[in-house]
Amino acid sequence: MAENEVTQKIDETKLLPTLDLTPKQIVEKLDTYIIGQKNAKKCVAVALRNRTRRLKLDADIQDEIAPKNILMIGATGVGKTEIARRLAKLCNAPFLKVEATKYTEVGYVGRDVESMVRDLMAVGYNDVKREMQEQLKESCKPKVEEDLLDLLLPGTGKKEKKEKKSHVLPMSLFGLGAVPEESGDEKKELEPPSENPDISLEENEREEKEKEEKAKSTREKFRAMLREGKLEDREVEVSVERTNRMPSMQIIAGGNMDDLESGMQDIANMLTGGRTHKKTVTVREARQILLEKNLDKMTDPDKVADIAKKRVEQMGIIFIDEIDKIAVRGGQSSGRDVSREGVQRDILPIVEGSNVNTRYGVVDTTHILFVAAGAFSVAAPSDLIPELQGRFPLRVQLDSLNAADFKRILVEPKNALIKQYKSLLATEGVTLEFTDESIDRLSYLAEEVNRKSENIGARRLQTIMETVLEDISFSADEHSGETITITKDFVDEKLKDVIEDQDISRYIL
């Protein structure tokens with residue numbers, strides 16, 4: 001298939017970031033996954049909508065409008081990361097979550113902060129490539145079918161052109177002039193195979209045609225069997241890419257070495273020869289391998305990189321978690337914390353807007369939205385360097401969760417915990433039911449445990465649910481077809497040690 005034909009089948013408008021939701025609709029979408037935190041949801045909804053509004057402006061004013069970066073302040077488990085993640089999915093934007101503590105100041109061994117932009121660009125590239133290949137999948141299926149038939153019936157796919165020396169006729173027979181006299185074997189090669197060369201050629205053509213018709217008939221029979229799924233378990237031999245067994249350059253250098261690692265891998269491939277090897281797989285497995293291989297051929301990497309770069313620069317979101325861990329309390333640092341302030345200084349130009357070299361091109365970070373988050377239980381936002389504080393003009397305080405919030409988290413969200421456990425045990429034939437009193441009790445205990453020990457937010461519900469359902473999950477296969485009802489007394493029985501013991505953290509961490 002010609003490259004221009006493939007390109008015409010790709011709808012590039014579907015690959016560019018768009019968002020038609022109003023701030024109110026964005027909040028409603030977030031409500032299906034996240035309970036509470038109205039202020040945080042409104043803040044991020046407005047920030048996201050402003051980015052879409054900016055794209056509709058003229059180019060001269062578009063560049064002047066910078067994103068309003070957000071600083072979320074709240075205890076762990078209250079929904080900071082989930083808000084940012086769901087926000088990115090709403091607008092199909094490249095999203096990357098990083099830990100601020102993983103980076104070090106330039107000059108120290110570790111990852112440099114620019115690697116977060118390189119990682120975001122890699123995410124954007126993979127997203128665009130996957131979406132582009134999804135559009136090409138249907139047009140690729142006929143080619144995959146032909147490749148499978150070639151594997152099942154080698155040599156039947158193309159008309160073989162075999163030129164035999166015995167069929168080469170002297171030009172003099174066609175009135176094209178005299179041919180120098182040959183002697184011995186050379187002369188025999190130039191002689192026609194019979195006195196009437198036209199009859200001999202017709203016989204050969206007829207035989208070749210019969211062979212082609214027979215091969216074509218066999219190929220069509222196999223095609224019908226292939227479409228009916230009768231050949232799925234037959235084994236074929238297919239070429240697959242060799243697995244990259246080269247050790248990561250990070251082991252050697254300790255830093256982000258994307259470009260160097262890629263270059264070293266190319267050199268390794270040149271030195272070791274081919275990058276593919278034969279592998280025996282079933283037709284079912286071969287279909288997926290051939291589909292991926294053909295989609296890679298049909299996808300233009302330069303076009304993917306261009307679209308991904310545009311998407312990352314205009315709608316990319318980087319979520320920097322644990323930013324309070326690099327804040328210097330009281331402006332003083334020593335020992336292992338010596339590079340904390342340096343990391344802040346390195347992050348500053350990226351948040352302000354700078355050009356970062358990536359393997360897919362230079363990325364401008366001016367309009368990337370940065371969302372930072374931290375508990376700030378030890379340090380305060382004011383302990384960040386003033387320049388960095390100024391680059392996060394929007395600050396939002398997330399509320400701690402109470403028993404009412406925990407009850408809603410258990411039942412309301414689309415992926416609510418109770419729904420998850422019901423679905424898991426349903427695979428074993430067990431029907432799980434929860435009474436309203438049991439849900440109230442679970443919510444109350446979650447709040448109590450958070451109050452008396454470390455406050456880990458909604459994650460506390462997971463530890464409590466695992467403790468309550470541990471025995472049921474362990475022996476679920478023995479209760480297939482049964483309905484198990486979780487009551488308040490059942491919850492108290494399973495958590496009686498937690499209720500009686502004041503040191504709750506010893507039992508639920």
Side-chain angles (χ1 to χ4, degrees), residues 39-40 42-55 61-74 80-81 83-85 87-88 91 93-106 111-121 312-331 333 337 339-358 362-376 379-398:
N39 291 335
K42 287 176 62 178
C43 183
V44 297
V46 172
L48 191 63
R49 183 64 174 179
N50 281 339
R51 306 188 81 198
T52 306
R53 292 165 177 161
R54 186 186 69 84
L55 294 176
I61 192 174
Q62 204 177 92
D63 293 335
E64 298 297 325
I65 300 177
K68 305 303 184 288
N69 299 319
I70 303 167
L71 179 62
M72 293 185 181
I73 304 168
K80 301 187 297 293
T81 305
I83 287 174
R85 183 182 290 116
L87 196 69
C91 61
F95 175 80
L96 180 71
K97 177 185 179 294
V98 298
E99 304 286 338
T101 53
K102 289 185 177 180
Y103 300 97
T104 59
E105 182 182 358
V106 173
R111 302 194 71 187
D112 64 283
V113 295
E114 287 188 350
S115 64
M116 68 174 70
V117 181
R118 290 192 284 267
D119 292 343
L120 181 66
M121 185 60 196
V312 166
E313 289 182 342
Q314 301 300 327
M315 296 295 285
I317 299 175
I318 295 181
F319 181 81
I320 307 176
D321 203 4
E322 307 292 349
I323 197 170
D324 57 317
K325 302 300 188 295
I326 63 170
V328 181
R329 189 178 184 184
S333 61
D337 301 331
S339 71
R340 286 184 173 184
E341 189 169 326
V343 174
Q344 296 183 56
R345 288 194 299 268
D346 290 345
I347 291 177
L348 182 62
I350 295 178
V351 178
E352 286 182 335
S354 60
N355 294 325
V356 177
N357 287 316
T358 72
V362 178
V363 175
D364 184 2
T365 67
T366 303
H367 297 290
I368 293 177
L369 178 65
F370 289 86
V371 181
F376 289 99
S382 58
D383 290 328
L384 296 169
I385 61 175
E387 296 86 352
L388 191 59
Q389 293 181 48
R391 295 307 300 173
F392 289 90
L394 301 182
R395 294 187 186 181
V396 57
Q397 179 75 46
L398 281 82

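Between the side chains of Q314 and R54, a donor-acceptor pair is found at a separation under 3.5 Å.
In this structure, I317 and R51 have side chains that are in contact, with non-hydrogen atoms separated by less than 4.5 Å. In this structure the side chain of V98 reaches within 4.5 angstrom of the side chain of Y103, judged on heavy atoms. Contact of the E114 side chain with the I350 side chain is registered, since non-hydrogen atoms from C-beta on lie closer than 4.5 Å. A heavy-atom distance below 4.5 Å is found between the side chains of D119 and R111. Under the 4.5 Å side-chain criterion, counting only non-hydrogen atoms from C-beta, K42 is not in contact with V396. With a 4.5 Å cut-off on side-chain heavy atoms, V371 and I318 do not count as touching. In this structure, the side chains of M72 and I83 come closer than 4.5 Å at one or more pairs of heavy atoms.
Contact between F392 and I70 at its shortest, heavy atoms only, is CD2-O, 3.4 Å. Of all non-hydrogen atoms in Q344 and I385, the two that sit nearest each other are OE1-N, 2.8 Å. For V343 against A100, the heavy-atom pair with the smallest separation is CG1-O, 4.4 Å. Of all heavy-atom pairs spanning F376 and P381, the tightest one is CD2-N, 3.5 Å. For the residue pair V312 and P94, the shortest heavy atom distance occurs at CG2-CG, 3.8 Å. Nearest heavy-atom pair, M315 versus T52, reported as atom, atom and distance to 0.1 Å: CE-OG1, 4.4 Å.
Among residues at least two apart or in separate chains, there is no salt bridge (charged side-chain N to carboxylate O under 4.0 Å, His left out) pair with a member in residues 386-395.
Between L384 atom CG and I326 atom CD1 the span is 7.0 Å, to the nearest 0.5 Å. Atom CD1 of I323 is separated from atom CG of L388 by 5.0 Å, given to the nearest 0.5 angstrom. A distance of 11.0 Å separates CZ in R85 from CG in L96, rounded to the nearest 0.5 Å. With rounding to the nearest 0.5 Å, the separation of CD in E352 from OG1 in T365 is 9.0 Å. In this structure, NZ in K68 is found 15.0 Å from CZ in F370, a value given to the nearest 0.5 Å.
Shown are L348, D346, I320; of these, the side-chain contact (heavy atoms from CB on, under 4.5 Å) with V113 is made only by D346.
Applying the side chain to side chain contact (heavy atoms under 4.5 Å, CB included) criterion to D364, with sequence neighbours excluded, gives E313, N355, T366.
Within 6.0 Å of atom NZ in K325, more than 12 heavy atoms from other residues, nucleotides or ligands are found, so the atom counts as buried in its surroundings.
No side-chain donor-acceptor contact under 3.5 Å links T358 to the backbone of R118. A side-chain donor-acceptor contact under 3.5 Å links D383 to the backbone of A380. A donor-acceptor pair under 3.5 Å is absent between the side-chain atoms of E322 and the main chain of T101, judged by distance alone.
Note on D321 versus K80: no salt bridge recorded, every NZ/NE/NH1/NH2 to OD/OE distance being 4.0 Å or above.
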